[in-house]
Amino acid sequence: MAAVTSPETSPQPRVYFQTPAGTTEEPETPVRKQGRVTVKYDRKELRKRLNLEEWIIDQLTDLYDCEEEAIPELEIDVDELLDMPSDVERAARVKVRLNHSPTFDFISELLDKIRGMQKLSTPQKK
């Protein structure tokens, strides 16, 4: 059941939800467990990787001038790029994958963003 406050009691109308009479449910307190992914990998590196992937999607939608769903099927493997010894090889790999002419700015920004990142490989057990 919802109750709306009157304009005299608050500057903006608010809706409050109440449990029906006769029910005595205790509010659930969420138990927060650390996920397996964040236990295996550094949370900061995961956040950097997620930000990078979101940036890549944004740049590709601009580059191909389309919505995310319409981007041609391609894969930019950041771990593969990090394994390569030089930026020249990384740039060549990305350029081949994109197969699109105005990619210089995108590639140079991508290389700047992955510089200093770590690979997300499964950690070795001690």
Side-chain angles (χ1 to χ4, degrees):
M1 177 179 273
V4 179
T5 61
S6 66
E8 299 86 37
T9 58
S10 76
Q12 299 211 354
R14 295 181 184 241
V15 177
Y16 298 95
F17 293 95
Q18 302 169 348
T19 55
T23 60
T24 57
E25 285 186 19
E26 292 293 321
E28 292 182 25
T29 52
V31 177
R32 188 170 182 158
K33 294 181 181 178
Q34 193 170 19
R36 286 187 177 182
V37 172
T38 57
V39 171
K40 283 186 175 183
Y41 305 107
D42 180 21
R43 184 179 294 245
K44 190 175 181 180
E45 279 300 315
L46 287 173
R47 174 59 52 198
K48 284 167 63 175
R49 184 65 61 105
L50 180 62
N51 290 341
L52 176 66
E53 289 178 6
E54 289 172 350
W55 177 84
I56 288 171
I57 291 170
D58 288 342
Q59 294 301 308
L60 291 176
T61 56
D62 290 345
L63 188 64
Y64 286 97
D65 195 27
C66 63
E67 295 296 317
E68 180 179 343
E69 297 80 28
I71 295 174
E73 197 63 35
L74 58 96
E75 181 180 342
I76 298 174
D77 187 352
V78 175
D79 286 334
E80 178 186 28
L81 295 175
L82 290 171
D83 278 340
M84 294 181 170
S86 71
D87 280 352
V88 173
E89 291 179 59
R90 292 180 185 121
R93 177 65 55 105
V94 173
K95 189 166 182 70
V96 166
R97 291 275 165 84
L98 292 178
N99 197 21
H100 200 269
S101 54
T103 58
F104 180 77
D105 291 337
F106 169 74
I107 292 172
S108 62
E109 282 187 59
L110 174 64
L111 296 179
D112 285 342
K113 289 184 178 293
I114 67 170
R115 198 167 285 121
M117 290 183 82
Q118 299 173 5
K119 282 182 54 174
L120 290 182
S121 58
T122 307
Q124 301 297 321
K125 292 189 178 185
K126 297 177 182 175

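Shown here is Arg47, whose CZ atom has no more than 12 heavy atoms of other residues, nucleotides or ligands within 6.0 Å. Within 6.0 Å of atom CG in Asp62, more than 12 heavy atoms from other residues, nucleotides or ligands are found, so the atom counts as buried in its surroundings.
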Please step through salt bridge (Lys or Arg N to Asp or Glu O under 4.0 Å) for the pair Asp87 and Arg115, ending with a clear verdict. CA-CA 9 Å; Asp87 280 352; Arg115 198 167 285 121; 2.3 Å; yes
Under the criterion side-chain contact (heavy atoms from CB on, under 4.5 Å), I'd like the reasoning laid out for Arg49 against Asp79: C-alpha separation, chi angles, the key distance, then a yes or no. CA-CA 10 Å; Arg49 184 65 61 105; Asp79 286 334; 3.1 Å; yes
Would you check, one step at a time, whether the test side-chain contact (heavy atoms from CB on, under 4.5 Å) holds for Ile114 with Arg90? CA-CA 10 Å; Ile114 67 170; Arg90 292 180 185 121; 4.0 Å; yes
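Between Met84 atom CE and Arg93 atom CZ the span is 3.5 Å, to the nearest 0.5 Å. The CZ atom of Arg97 sits 8.5 Å away from the CD1 atom of Ile76 when rounded to the nearest 0.5 Å. Interatomic distance, Glu45 CD to Leu52 CG, rounded to the nearest 0.5 Å: 10.5 Å. Between atom CG of residue Asn51 and atom CD of residue Glu53 there is a gap of 10.0 Å, rounded to the nearest 0.5 Å.
Contact detail for Val94 and Phe106: the closest heavy-atom pair is CG1-CE2, 4.0 Å.
At a threshold of 4.5 Å between side-chain heavy atoms, the hydrophobic network of Ile, Leu, Val, Met, Phe, Trp and Tyr places Leu111 and Ile57 in two separate groups.
In this structure, Leu110 and Val78 have side chains that are not in contact, with every pair of non-hydrogen atoms separated by 4.5 Å or more.
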